[in-house]
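Lettering follows sequence order; numbering is per chain, from 1. What's counted below: heavy atoms across the whole structure, side chains too, no hydrogens, waters or symmetry copies. Just so you know, these numbers come straight off a predicted model, no measurement behind them.
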Number of protein chains: 2
Amino acid sequence: MSSQVLHVHALKTACSNCSVLELCLPIGLTGGEVERLDTLIAQRVKVKKGAALYRTGDPLRSLYAVRLGFFKTSILSTDGREQITGFQMQGEMLGLDAISTDHYACTAIALEDSEVCPLPFTLLEKLARDLPSLQHNLNKLMSREIVRDHSMLLLMGNMNADERLAAFLLNLSQRLNMRGYSSREFVLRMSREAIGSYLGLRLETICRGIAHLREEELVDMHGRNVTILDLSGLKQKVAGCHRHSEQ
Amino acid sequence: MSSQVLHVHALKTACSNCSVLELCLPIGLTGGEVERLDTLIAQRVKVKKGAALYRTGDPLRSLYAVRLGFFKTSILSTDGREQITGFQMQGEMLGLDAISTDHYACTAIALEDSEVCPLPFTLLEKLARDLPSLQHNLNKLMSREIVRDHSMLLLMGNMNADERLAAFLLNLSQRLNMRGYSSREFVLRMSREAIGSYLGLRLETICRGIAHLREEELVDMHGRNVTILDLSGLKQKVAGCHRHSEQ
DNA sequence: CCGACGCATTGAGCTAAATCAACAAGGGCG
DNA sequence: CGCCCTTGTTGATTTAGCTCAATGCGTCGG
């Protein structure tokens, strides 16, 4: 684990009074079950903006639930180019890719000062044996990540730049909305380059895409401040997937 | 489940004498544990070439282990375009994406006459509670799929056509090799168009890529017959990811 | 054996996005 | 406050891969 990661001794963790209880691993668990899950989390961990929570190749110790803040996960190609595989916000899980080999496959970097709940994986697996609904939640979480990745493959394989950008903004909007934030106005936590890496485009293409969406009066953007002007218009843009439809 | 799916009543299933035992879900399980897993599989299921094992939206009943044959899984964009999300061969699992919503997110089509072992999911989850190593295997399987998908995102986001094709052929070669087949000579089960859909390219581009690899004497291909002439050369091609490396 | 159909190949031109380049706009810090 | 450095924007040009089109090949059925 990176040296820039700080432990929070002061507060005793408690899923039960966490703001993202209903989005996170404990979803649907009874009070007693949540308490048992709490016992796994020795202490929350703070990660400073720009610091790594873990890096590719580190041995798997814990899965991490994002308590607050924002992360990116990325992998490196053999020649050192970065592919961002996801952005994670509150209530989302980090480290699922490490279960396969007992080593993290990607690097997780905080995009702002963040806080995570470490779930020691061996303990979590043990507890999950006792709590079927916890196991089921974990299964669902992994499956959801698979579905998400497949939809990213669809995006990369079949959408043009503007459609990808629209899909990206809509996805953020929707996830923020689920967390009680505005779906119309929000602040991006990542650079144009990071968006580009995520969507398989160059940063200049992202800028131009933004210009197009602005011209069409679908969104308004100043730097990282986003205002969605026409939600259904954006959705239409994504729906009409590009490649010359054949009927 | 599709009507073209036939049940095999004759043979009692038995993981213990399955050819892909050591690659499939039972990996690392004790004899007794494998026997208990066997009890889940009421009967193997044959799927004819071109038939669907399940379709997007079908309710999740079972995960399926491919016993023999070859499948493709695909999702549809809103405008009806197909993105192939994977090709599955013996010992690989189908249906993991359905756990998330209790409905299959993709459609699984047999690319040749195939046979699968259905694992009723609720029973599998129950059994996994009793058999920690089964649960662990299931977790690993899901995690591995996530890692695989991330490497596909890297491919789509950062590799040019020839590199994608080389990576695809190497991946097939390696998986066939693990199953005791030649890593140098094999037969493709899918059309150029399907390869293209999988790699985010058009079929013509696949053809041209093949021509390039032939010119470079890395592979020889006649129709769907593949001979890899220079394995390390192919690997080099994938390694040297495209986009103008900046030092 | 022949025709038809699906699949594969190859060519020619077009286009969306990459690349290269110049410049603007914040934002943190001395 | 002004400077520097990072991040974002926009323009000009290039190019990889798409589209359209013609042709080849293999196999299946009659």
Side-chain angles (χ1 to χ4, degrees), chain A residues 48-50 72 81-84 109 111-113 155-166 168-169 187-215 219-226 237 240-247, chain B residues 49-50 72 81-83 111-112 155-166 168-169 187-215 219-226 237 240-247:
Chain A
K48 279 240 157 292
K49 176 172 174 174
K72 70 171 180 184
R81 202 159 294 272
E82 184 184 48
Q83 172 70 42
I84 294 183
I109 306 275
L111 292 180
E112 58 182 345
D113 290 358
L155 176 144
M156 293 263 217
N158 287 288
M159 290 190 191
N160 69 24
D162 290 4
E163 287 160 357
R164 292 184 204 191
L165 184 59
F168 171 72
L169 292 174
V187 176
L188 296 177
R189 253 69 229 212
M190 72 295 286
S191 67
R192 303 290 192 253
E193 187 173 25
I195 300 174
S197 167
Y198 183 55
L199 299 178
L201 301 166
R202 311 263 77 195
L203 71 152
E204 296 95 327
T205 309
I206 301 300
C207 283
R208 284 184 240 273
I210 290 170
H212 297 156
L213 294 183
R214 201 185 346 249
E215 282 160 28
V219 303
D220 201 8
M221 283 180 73
H222 305 88
R224 299 191 178 183
N225 294 73
V226 181
K237 189 155 255 274
C241 280
H242 167 241
R243 290 187 174 181
H244 174 248
S245 71
E246 55 234 274
Q247 31 69 311
Chain B
K49 178 173 173 173
K72 69 170 180 184
R81 202 158 295 272
E82 185 184 48
Q83 173 70 41
L111 293 180
E112 59 183 343
L155 176 143
M156 292 265 217
N158 287 288
M159 291 190 192
N160 70 22
D162 290 4
E163 287 161 357
R164 292 184 203 191
L165 184 58
F168 171 72
L169 292 174
V187 177
L188 297 177
R189 254 67 226 214
M190 73 294 285
S191 67
R192 303 289 193 255
E193 187 174 23
I195 300 174
S197 167
Y198 183 56
L199 299 178
L201 301 166
R202 313 263 76 197
L203 72 152
E204 297 94 328
T205 308
I206 300 299
C207 283
R208 284 184 240 273
I210 290 169
H212 298 155
L213 294 182
R214 203 189 340 254
E215 283 159 29
V219 302
D220 202 8
M221 283 178 73
H222 306 88
R224 298 191 180 182
N225 295 75
V226 180
K237 187 153 256 273
C241 279
H242 169 243
R243 289 183 174 184
H244 173 247
S245 71
E246 52 235 277
Q247 27 69 306

Determine, for nucleotides 23-30 of chain C in 5'-to-3' order, which nucleotides have protein heavy atoms under 4.0 Å from the base (write B), from only the sugar-phosphate (write S), or from neither (write -). --------

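- The nearest whole Å value for the distance from the CG atom in L199(B) to the P atom in dA16(D) is 18 Å.
- Considering only residues two or more places apart in sequence or on other chains, A161(A) meets the side-chain contact (heavy atoms from CB on, under 4.5 Å) condition with L201(A), T205(A).
- Listed by chain and number, the residues in a salt bridge (Lys or Arg N to Asp or Glu O under 4.0 Å) with E193(A) amount to none (sequence neighbours excluded).
- Residues passing the side-chain hydrogen bond (donor to acceptor under 3.5 Å, both in side chains) test with R208(A), sequence neighbours excluded: none.
- At the heavy-atom level, R224(B) lies under 4.0 Å from the strands shown only through sugar-phosphate atoms.
- In this structure, NE2 of H222(B) is placed 15 Å from C1' of dG24(D), rounded to the nearest angstrom.
- The salt bridge (Lys or Arg N to Asp or Glu O under 4.0 Å) test applied to E204(A) returns no partner, not counting sequence neighbours.
- Of all heavy-atom pairs spanning E82(B) and S197(B), the tightest one is O-OG, 3.3 Å.
- Remark: D113(A) pairs with K48(A) by the salt bridge (Lys or Arg N to Asp or Glu O under 4.0 Å) rule, at least two apart or across chains.
- Atom pair I210(B):CD1 and dC7(C):C1' shows a separation of 12 Å (rounding to whole Å applied).
- Going from atom CD1 of I206(A) over to atom CE of M190(A) covers 11.0 Å, rounded to the nearest 0.5 Å.
- Atom CE of M156(A) is separated from atom C1' of dA16(C) by 17 Å (rounded to the nearest Å).
- Partners of R192(B) under the salt bridge (Lys or Arg N to Asp or Glu O under 4.0 Å) rule, at least two apart in sequence or in another chain, do not exist in this structure.
- Contact between Y198(A) and I84(A) at its shortest, heavy atoms only, is CD1-O, 3.5 Å.
- N225(A) meets the side-chain contact (heavy atoms from CB on, under 4.5 Å) test with V187(A); sequence neighbours excluded.
- In the set dC18(D), dC7(C), dA18(C), dC18(D) carries the atom at the smallest distance from any side-chain atom of R202(B).
- Considering only side-chain N and O atoms, R192(A) lies nowhere under 4.0 angstrom from the phosphate OP1 or OP2 of dT6(D).
- Each end of the helix from dC1(C)-dG30(D) to dG30(C)-dC1(D) gets its own axis from five base pairs, and the two axes differ in direction by 30°, given to 10 degrees.
- Regarding L188(B), its CG atom lies at a distance of 12 Å from the C1' atom of dA8(C), rounded to whole Å.
- With rounding to whole Å, L165(B) atom CG is found 14 Å from dT9(C) atom C1'.
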Please list each protein N or O that sits under 3.5 Å from an N or O in nucleotides 10-13 of chain D, with the distance.
from	atom 1	to	atom 2	distance (Å)
dG11(D)	N7	R208(A)	NH1	2.9
dG11(D)	O6	R208(A)	NH2	3.0
dA12(D)	N6	R208(A)	NH2	3.3

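- Between K49(B) and E112(B) there is no salt bridge, since no side-chain nitrogen of the basic residue lies less than 4.0 Å from a carboxylate oxygen of the acidic one.
- Between the CG atom of L201(B) and the C1' atom of dT15(D) there is a distance of 15 Å, rounded to whole Å.
- Taking the side chain of S191(B) as heavy atoms from C-beta on, and the options dA18(C), dA8(C), dG8(D), the nearest nucleotide is dA8(C).
- The distance from atom CG of N160(B) to atom C1' of dA18(C) is 13 Å, rounded to the nearest whole Å.
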